[in-house]
Structures are given as structure tokens and as C-alpha cells.
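Worksheet: the structure to be examined is printed underneath.
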Amino acid sequence: MSEERSLNFLEQIVEEDIAKGVNGGRVLTRFPPEPNGYLHIGHAKSICLNFGLAQKYGGQTNLRFDDTNPVTEDTEYVDSIKEDIQWLGFQWAKELYASDYFEQLYQYAVELIKKGFAYVDDSSAAEIAALKGTPTEPGKDSPYRTRSVEENLQLFADMRAGKYPDGAKTLRAKIDMASPNMHMRDPIMYRIKHAHHHRTGDAWSIYPMYDFAHGQSDSIENITHSICTLEFIPHRPLYDWFIQQLDIFPSHQYEFARLNLSYTVMSKRKLLQLVNEGIVRGWDDPRMPTIAAFRRRGYTPSSIRTFAERVGIQKRDNIIELGLLEYCIREELNKTAPRVMAVLDPIKLVITSYPEGQTEELQAENNPEDAAAGHRNVTFSNTLWIEREDFMENPPKKFFRLGVGLKVRLKYAYIVECTGFDKDENGNVTTVYATHIPESKSGAEGSAMSVKGTIHWLSAAHAQTAEVRLYDRLFTVENPAGAEGDFKDLINPNSLEIIEKAHIEPFLADAKPGERFQFLRKGYFVADTESTTGKPVFNRTVTLKDTWAKEAKKA
RNA sequence: UGCCCGAUAGUAUAAUGGUAGUACGACAGAUUUUGGUUCUGUUUGUCUAGGUUCGAAUCCUGGUCGGGCAACCA
């Protein structure tokens, strides 16, 4: 299956580099998360890109944690990130940490001081900001910019030794306060933080800024293609500057547009807020756009990889329609998920012509898309559960389900004709009555007779119950991040609907967490991580396409 | 009023100086014991104004629009 696909711009760069013999044709990429949150679907795109590129061109990929800010980072995040990458189906060559390079980075800083390219600044954060200028106005030199090399060396050593409180001093690169690129206006290389680091403990009282760690970390690892998102484009000249002054391996950075998905947010800060404020039930709440959430929701690794492939790689900003992701998981689950019957919003259907107490076992197909999936038995009786929405008191013309006088096929069973119904004091339909056509039994000759609709059902006396969680989009607008005001005001109040007692086929009560099914006509579902034999819980991964719902909405 | 990045159907993404194609969506139809799947068909696009060229989505110039950059965050 060698489908002809054109190369994305990064693949073109890599192929050109290989052709030209750059780095001896070697390809080494890296995925560099900061361990300060869970990975989301946008990271999945980056993971697929970095690992996929290396795989395609015979290279490897490192996992490097850019852990330069101890106050936001935690090993919980390290563990979740590793789990998510492996779940997606990728394996890194080396597990590395920017914190592994702290001593090396310190030596680089000393070297830059000696070369006159860095100085210790006593200015406060506010003073630094004031002298920084603005995008349209040049900045001004700090009064500490002309300190001698010896003094800088001594002060920097004292910073490391912990002689100064947080914020008292910084080490800055001496570049150009008038540069049109703000990142070149004497950027801070080191700041004082008397903070406990998740790996280096209390060994350091100074920590490098990301900008002083990232490029050199790539260089130290001999990364050939350092791929990141668009917002780091203006940082690239700075990374190149450090590499040049230090005369170390010239790793090159390339930037692509990050993934945005409609009806959700992708910033770790906002996701953390949703978690901390209890708006969702945690990082892996199936409504979240995190990889952990998609896993719990029933998405497969391959569906996410396919999605990442289909969204493409480019440099223009984009918002991908949620529908594409849903298409990717439906496409896979249609082929693989066993079909079962579950009634989520039940009303009773009594077959008055079928003897009370009688039952029979009917053969049900496990998957029409997969002949090897085989068959199972379902129990039929005269009292069934059917979906409330499959009956209408006053059905419109194109309603192919139950209404008095209408015929419908009960999947795998008989064709029945509706004869009447009961309502309770609130006017809600409670029971529907019908007679069956004995010769229309599925498999029998008479089953060939045509009816427009087929509905699913469960024998009331035999069905088990389960909790079913129905998820919908987390936000009410396509681009909540781009809207004015507080993004939390745009949360969809109906993003989670819990059905305490849905009816399911008996064998489903034993479903193991992670097992996926198609609930016939209702969607794809997965047994939740909290699911137990005593109390099964199913998450709806995605609905089926529903052209009737669309039709009904029009009317 | 600085610097940087970008602009192709509704959403994405190809075409790398030579017929604007693909996917998802939408719409219509066929098939169907899931109003699912599958199949067929239809619809919709090169931001703009110049220039170079036999020929421009592609190269050049100006403009417009969108995004990024002024954390001791990454």
C-alpha cells in the first residue's frame, strides 16, 4: 500500500539535507516537553511529527524534558508524558533532561562572560522591563552592562553559591538593546531561584532560562532537526547566536503551526485551570483534549496518529474541525468494534401476541464489517426495552420507527406492528403495545418482507444495567481561546450527561475497562477505567453519524 | 508606528513556472435487518493591484488581512 503522498515542508527539508550530506545524512529529532502539565492533542501532532520524521528517514528521537523552571514542574507530569508517548505507539531513543546539562550550561555561561558576551545585572524585573523598550522603540543599556569580566565572574559564582535572594541579580547576554528583535535585547540567561527541583533537588540556587537551555540542549544532543512551533521563530536568532559564540554543534530549528481544535482550548494554563477549579474531573476527564482524556474516552492510538497525518504540517495558523477527529475514530471503530444492543432512554414495548413467559435465543451478528467476528445469542421475550425516541405519538411522514399503525423490524427478531400505548399522569409515554408477525422472524423466509425501519431492543427481564456517560463538546463556540472575556463563560453546560441506569446486554456487565463496543444505532462506547463487574460504566467515545437527527432538526 | 511569520473551496491540505487536485463537511441519489457502513454524483477556492514570462497559486514589488514578539514562563 504505497499511497502517493506529497511531502510536507519538513520532509522536504530533511530529504534535501540527506541529499546534500548534511550531518552525514543522520536524522535525530527530539520531543521536548516541559513537565508542567499533561500532554494534549496538539502535542500528539508534534510527537507524531518528530518521531514519524525520524522513523521515515532511518533516524531516532530523544525524549527531553525541558525542566528549567522548578516551581511549575513535577514528576507526576514526567510520568504521564512518558505513558502518553508510549501509548501513542512511539519509543524514544534516550530519556533526557535539560537539568542533566545544568553544569554544562553553567560552564557555557562562564565562557560567555569571559568572552565579554554576558554580564551580571543588579536591576529589578521592573527596571529591566523599563529599559527593554517596546517593539517600536529601542531599549537602553543597563547601568551594569559595563562590569568587568572579573567582577561578572565573581558575582555569577556568588549567585550560584546562593549569596543573593531570589530576584536580586540576573545573568544577561550582552547583545544589542536596540535590536528590532526583542529577544536579542540582552536576554536573561540565568535567574536566582531558591527552589527545589524535581531532579536536582536543592543543588542549584540559579536556573537557566529556557532560551539559554533549549538551543544548547539540542546542540549537546547533536539534534539535526529541532522542530518547534511558530511562536519560537523570533527566538531562533538567539539560539543561533549562543551556538555561534560558544562554537558548538549547530543544531537547526524549524517551526510549524501548532494544532488547534474547534470547540476546545489547547493552552496548558487554561487546561490546568479547568482541572484545578473542578470544572472537569481531572486531566483525563474524557471531555478534555489531553491524550489521557482521549485514551479514557475510547480513542485508539492509531486513530490519533491518522488524525495527525491528515491535518498536515504547515506554517499557517489553523483550527481543525472536531469532525475530522471524530471521522478518524469512527472509521477505525466501524471496522473493529463489536456491535451490541443497549437502551439508554427506555420505554417498555409489550408484544401482546407473543406468549408471556416464553423466551427464545436469537442469533446476532457481532460485526457486519468483519465476518470473522462471529455471532452471539440474545434473548427475546414479550416485554422489551426500546428507546423512547423510537416511538412517536404523532409521527411525521418520514419517521420509520414506531407509532400506532406503523411497522418496524426488531433487529435480529420479528417485525412488529404498533397497536397502542400508555401514558403516565405527566403525559409521558410509558408502554407501547404491538403484535408480532411470526413468519417474519430473522433468518426465516418471511423475514424478507420489507419494512423501512429497524430498531434495537433488550428483553426487560434479562437486561443488565450500567452507568453510561455521554460527552459533548466542552465549549459552545468554535474558538474559545479567541473570544473576548473569560473562556470559562463559554463552557458547554451539557458537556456531560450521566445515565445512571441504561440497559445493556447481560454479557456487557463483565466488560473490562478499555473494551470498545458499538451500541447499535447509538454510537461507540468504551468501558471506563472506573468500570467494575458490579457497576459497569461506559463512556461514549463518539456518536454514529445521524442523518435522521439532521433531518428532524430541519423540520 | 519596528521586526518576524503567514494567506488556495466551509475546514484542512496538494500542485515547487505548464490541465487547480485530495480529504473531511454540505447537498442529491443507490444499496442496507444500524436513518450506521459502502457506492455514485453535485457544489464551493488561488486575498488584492501591478510587474516578469509564451505561460504565474507558484517568481518580483506595493497594498490588504490574520498571527507572533515588550515573563527573572516555556
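These numbers were taken from a predicted model, which means no experiment stands behind them. Within every chain, numbering begins at 1; the chains are lettered A, B, ... in the order of the sequence lines, protein sequences first and strands thereafter. These values consider heavy atoms only, across backbone and side chains, with no hydrogens, waters or symmetry-generated copies.
One finds no side-chain N or O of A:Arg409 lying less than 4.0 angstrom from the OP1 or OP2 phosphate oxygen of B:U32. At the phosphate of B:C3, neither OP1 nor OP2 sits under 4.0 Å from any side-chain N or O atom of A:Thr136. For B:G36, one of the phosphate oxygens OP1 or OP2 lies less than 4.0 angstrom from a side-chain nitrogen or oxygen of A:Thr547. The side chain of A:Arg316 contributes an N or O atom lying less than 4.0 Å from OP1 or OP2 of B:U13. A sub-4.0 Å separation between OP1 or OP2 of B:U8 and a side-chain N or O of A:Gln314 is absent.
A distance of 6.0 Å or more separates the ring centres of A:Phe9 and A:Tyr254.
Taking the ring centre of A:Tyr119 as origin, the terminal cationic atom of A:Arg147 falls outside the region bounded by 6.0 Å and 45° from the ring axis.
For the pair A:Tyr190 OH and B:C73 P, the computed distance is 14 Å after rounding to whole Å. Taking atom CZ on A:Arg521 and atom P on B:U33, their separation rounds to 15 Å, with Å as the unit.
Between the side chain of A:Glu389 and the base of B:G35, no donor-acceptor pair under 3.5 Å is found. Not a single donor-acceptor contact under 3.5 angstrom links the side-chain atoms of A:Glu365 to the base of B:U33.
Remark: the A:Glu221 side chain and the A:Tyr101 side chain contain an N/O donor-acceptor pair separated by less than 3.5 Å. In this model, a donor atom of one side chain and an acceptor atom of the other lie less than 3.5 Å apart for A:Thr300 and A:Ser303. A side-chain N or O of A:Glu332 and one of A:Ser302 form a donor-acceptor pair less than 3.5 Å apart.
Side-chain contact between A:Arg258 and A:Glu231 is present, with heavy atoms from C-beta onward closer than 4.5 Å.
The backbone N or O of A:Arg145 sits less than 3.5 Å from a side-chain atom of A:Lys174, completing a donor-acceptor pair.
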Nucleotide N/O of nucleotides 21-26 of chain B paired with protein N/O under 3.5 Å:
from	atom 1	to	atom 2	distance (Å)
B:C24	OP1	A:Tyr327	OH	2.8
B:A26	OP1	A:Lys550	NZ	2.7

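Base pairing in RNA chain B gives the following stems of 3 or more Watson-Crick or G-U pairs, range against range and under 3.5 Å: B:2-7 with B:64-69, B:10-13 with B:21-24, B:26-30 with B:38-42, B:47-51 with B:59-63.
Within 4.0 Å of A:Ser123, counting heavy atoms only, lies at least one base atom of the nucleic acid.
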